[in-house]
Trainee: 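This structure is in structure tokens; I'll ask about it shortly.
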Amino acid sequence: MSIRTVSTTPFSDQKPGTSGLRKRVSHFQQPNYVENFVQSLFDSLPGREGQTLVIGGDGRYFNDTVIQIVIRMAAANGFGKVMVGQGGILSTPAASHIIRHYKAFGGIVLSASHNPGGPDGDFGIKYNASNGGPAAEKITDAVYARSMEITQYKSVDTADIDLGQIGVHDVSGMSVEVIDPVADYVALMETLFDFDAIAAMFAAGFTMRFDAMHAVTGPYAKAIIEGRLGASQGTVVNGIPLPDFGGGHPDPNLVHAKDLYDLMMSPDAPDFGAASDGDGDRNLIIGKNRFVTPSDSLALLAANAHLAPGYSNGLAGIARSMPTSAAADRVAQRLGIALYETPTGWKFFGNLLDAGQVTICGEESAGTGSDHVREKDGLWAVLLWLNILASRKQGVDEIVREHWATYGRNYYSRHDYEEVDADDARALMTDLRTKLPGLLANGLDGRKVILADDFSYNDPVDGSTATGQGLRIGFDDGSRIVFRLSGTGTVGATLRVYIERFEPGDGTHDRDTQEALADLIALADAVAEIKARTGRDAPTVIT
Ligand code: VG1
Ligand code: CO
């Protein structure tokens, strides 16, 4: 085999963010940009020789090109085998499962998740370790350090591999196995959920719409929901993955999945509506006339998980990201299990899951998952919901209302200010940080502040510390405002403001969320001077 060593010079901007390296497609298309990052990654993975690497992506534009580059570089860098999804497709949770199931060394997932695709859209590369989870910060830090000093990368000369057919190829002595991207994942779901009970519910007339948003979950949802569970043809819409997601924005929220939302609020609504994102790890859950916030969904899934066979023995613990509402905390308390509060990003759940300290994890950004893989999992959440609906024989709205009556309701909203000037956003955060001690001492607008800090996390499993994870202002009535800057945006900065207020079980649960939070929203603007500093009258996206 002839390994080609190619000289290169470093790029200074290859620092992975919340979930891998994400940039515009055109940025990735610069000569050597992909190669530099992939070589920096491989250089940071001692012990890779002879090992298996899993590769797949969400099918977005540039996916096919990068997969071929990665295969050649893997061969030149000593991997023994590559497993790649047919057509270059693997959802993020499916990739996590494949890595674990086949005991691979790690995997590369090509995705910018919910960010738009196409030639003018975004692309991304993330690395998952042998536990199937996103690389821990010590790996991503090492990759970044390496990318700053890289001088060469290694590749082999070979024709493109045909990824269209399942089969085995040889690339300079390395085996490339093109696998069915769906089958192993379906088999895993079958071990967790009562497919018979869900199928019986569909057979009895239960109706659903699943919007795959022309992203990666289409084939998975079709195989499971229509194929295995017997939902009628057409239940899965926008089910064919397209390189540009059909021109849409594959973010399953009330803005980008508005068609689904409007349907679910109409008289023609089916019993259940759901959607997933670009790479299949997020979920949107909407019942007839009832949108379920991701934070509530996490709490509800945790409270009812024992109804599904895979969780019938109960939960070891629950973890949520810091900005996620405290609804899950109340469930953990009642179940008598631990609740962990971690920084934003799934990588922080990995150690807790590996150590068996938690079973279910979730983030306010429409991500929930469990110890079945080491990523959040959109379809998993949908199937757990279906299992709960089949078991409880109640509608979504009724279940949500009962939950609030039992645990209270955490009114919750996130306000995003996207693509604001990066310097302005940093200054806003820096200045707010300096105000925090004063808030703790003097309160805010007559309210008593019981918590005002920049969140840092000590991992209870490996003792590592992550600092600077978001500014928190907590009040004595359980209300909270959190500010942080996104680590996944690709243009300017995105300021995220998370607002939460607790209403007890015997309180009023049917208020409009924005109205219920109005005073806190005003307070958030006042204390951080959001409008003045960003020049924006209103958030870009409210979820
Ligand atoms: C966002 C979300 C975070 C999520 C991350 C990756 O990060 O807030 O909860 O883990 O996206 O999700 P940020 O740094 O932009 O707030 V995905 O579906 O892009 O893999
Ligand atoms: Co995603």
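One-based numbering, in listed order, for ligands and for the atoms of each. Everything numeric here is computed off the predicted structure, so don't read it as measured data.
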Trainee: Does Gly367 come within less than 4.0 angstrom of ligand 1, counting non-hydrogen atoms of the residue?
Mentor: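 For ligand 1, residue contact (heavy atoms, under 4.0 Å) with Gly367 is absent.
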Trainee: Considering His114, Lys376, Glu363, which one's heavy-atom position lies nearest to atom 6 (C) of ligand 1?
Mentor: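 Among His114, Lys376, Glu363, the closest heavy atom to atom 6 (C) of ligand 1 comes from Lys376.
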Trainee: Looking at Asp354, I'd like to know if its CG atom is crowded, meaning that more than 12 non-hydrogen atoms belonging to other residues, nucleotides or ligands lie closer than 6.0 Å.
Mentor: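 Check passes, neighbour count above 12.
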Trainee: Counting each atom of ligand 1 from 1 as listed, which ones have a heavy atom of Ser19 under 4.0 Å away?
Mentor: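 Selected atoms, number and element: 6 (C), 20 (O).
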Trainee: Please classify the Thr344 to ligand 1 contact at 4.0 Å (heavy-atom distances, strictly less than): side chain, backbone, both or neither.
Mentor: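 Only the side chain of Thr344 comes within reach of ligand 1.
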Trainee: Going by salt bridge (charged side-chain N to carboxylate O under 4.0 Å, His left out), name the pairs with one or both residues in residues 107-117, residues two or more places apart or in two chains.
Mentor: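 Qualifying pairs: none.
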Trainee: In terms of the angle between their ring planes, are Tyr261 and Phe291 parallel, tilted or perpendicular, with boundaries placed at 30° and 60°?
Mentor: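 The rings of Tyr261 and Phe291 stand perpendicular, inter-plane angle above 60°.
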Trainee: Can you name the salt bridge (charged side-chain N to carboxylate O under 4.0 Å, His left out) partners of Asp423, sequence neighbours left out?
Mentor: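 Salt bridge (charged side-chain N to carboxylate O under 4.0 Å, His left out) list for Asp423, sorted by chain: Arg426.
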Trainee: Check side chain to side chain contact (heavy atoms under 4.5 Å, CB included) between Ser370 and all other residues, then give those that pass, not counting sequence neighbours.
Mentor: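 Here the qualifying residues are Tyr311, Ile360, His372, Trp380.
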Trainee: Using 30° and 60° as the class boundaries, would you call the ring planes of Phe28 and Tyr33 parallel, tilted or perpendicular?
Mentor: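 Perpendicular: the ring planes of Phe28 and Tyr33 meet at over 60°.
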Trainee: What protein atoms of element N, O or S are positioned under 2.8 Å from the Co ion (ligand 2)?
Mentor: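 Listed by chain and number: Ser113 OG, Asp277 OD2, Asp279 OD1, Asp281 OD1.
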Trainee: Which atoms from ligand 1 have a heavy atom of Thr18 less than 4.0 Å away?
Mentor: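 Here the atoms of ligand 1 in question are 5 (C), 7 (O), 13 (P), 14 (O).
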Trainee: Counting each atom of ligand 1 from 1 as listed, which ones have a heavy atom of Gly345 under 4.0 Å away?
Mentor: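 Checking each atom against Gly345, I get 10 (O).
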Trainee: With respect to Ile98, which candidate in Ile179, Thr52, Asn128 satisfies the side chain to side chain contact (heavy atoms under 4.5 Å, CB included) definition?
Mentor: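 With Ile98 as partner, side chain to side chain contact (heavy atoms under 4.5 Å, CB included) holds for just one option, Ile179.
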Trainee: Contact between ligand 1 and Glu375 is defined here as a heavy atom of the residue under 4.0 Å from a ligand atom; is it met?
Mentor: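 Per 4.0 Å heavy-atom rule, Glu375 does not contact ligand 1.
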Trainee: Do the side chain of Asp277 and the main chain of Asp281 share a donor and acceptor less than 3.5 angstrom apart?
Mentor: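 Confirmed, Asp277 side chain pairs with Asp281 backbone.
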Trainee: Side chain to side chain contact (heavy atoms under 4.5 Å, CB included) for Leu471 and Arg433? Distances and angles first, verdict last.
Mentor: CA-CA 7 Å; Leu471 307 180; Arg433 197 175 292 116; 3.8 Å; yes
Trainee: Check each atom of ligand 1 against the heavy atoms of Arg496 and keep those under 4.0 Å away; list them by number with element.
Mentor: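 Those qualifying, in numeric order: 8 (O), 13 (P), 15 (O), 16 (O).
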Trainee: Just say parallel, tilted or perpendicular for the rings of Tyr457 and Phe455, cut-offs at 30° and 60°.
Mentor: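 Judged by the thresholds at 30° and 60°, the geometry between Tyr457 and Phe455 is tilted.
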Trainee: With backbone taken as N, CA, C and O and side chain as the heavy atoms from C-beta onward, which portion of Ser365 lies under 4.0 Å from ligand 1: side chain, backbone, both, or neither?
Mentor: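 Under 4.0 Å from ligand 1, Ser365 contributes side-chain atoms alone.
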Trainee: How far is atom 7 (O) of ligand 1 from the closest protein heavy atom, and which atom is that?
Mentor: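 Atom 7 (O) of ligand 1 sits closest to the protein heavy atom Thr488 CG2, 3.5 Å.
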Trainee: With atoms numbered from 1 as shown, which atoms in ligand 1 lie under 4.0 angstrom from a non-hydrogen atom of Arg22?
Mentor: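 Those atoms are 17 (V), 19 (O), 20 (O).
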Trainee: Rounded to the nearest 0.5 Å, how far apart are CD1 of Ile530 and CZ of Arg536?
Mentor: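 If we round to the nearest 0.5 Å, Ile530:CD1 and Arg536:CZ are 12.0 Å apart.
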Trainee: Which heavy atom of the protein is the closest neighbour of atom 20 (O) of ligand 1, given with residue, atom name and distance?
Mentor: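 For this ligand atom, the closest protein heavy atom is Asp281 OD2, 3.1 Å.
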Trainee: Can you list the atoms of ligand 1 that are under 4.0 Å from a heavy atom of Gly487?
Mentor: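 Reading through ligand 1 atom by atom, the close ones are 13 (P), 14 (O), 15 (O).
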Trainee: Any idea which protein heavy atom is nearest atom 1 (C) of ligand 1, and the distance to it?
Mentor: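 Of the protein heavy atoms, Arg282 NH2, 3.6 Å lies nearest.
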Trainee: Enumerate the atoms of ligand 1 whose separation from the nearest heavy atom of Asp277 is less than 4.0 angstrom.
Mentor: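 Checking each atom against Asp277, I get 18 (O).
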Trainee: Do Arg330 and Phe502 meet the cation-pi criteria used here (NZ or CZ under 6.0 Å from the six-membered ring centre, within 45° of the axis)?
Mentor: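 Pair Arg330/Phe502 counts as cation-pi.
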Trainee: Please confirm whether the backbone N or O of Lys531 pairs with a side-chain atom of Asp525, one donor and one acceptor, at under 3.5 Å?
Mentor: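 Yes.
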Trainee: For atom 18 (O) of ligand 1, tell me which residue out of Gly470, Ala366, Ala112, Ser113 has the closest non-hydrogen atom.
Mentor: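 The residue whose heavy atom sits nearest atom 18 (O) of ligand 1 is Ser113.
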Trainee: Can you tell me how far apart CD1 (Ile67) and CD1 (Ile89) are? Round to the nearest 0.5 Å.
Mentor: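 Going from CD1 on Ile67 over to CD1 on Ile89, the span is 8.0 Å.
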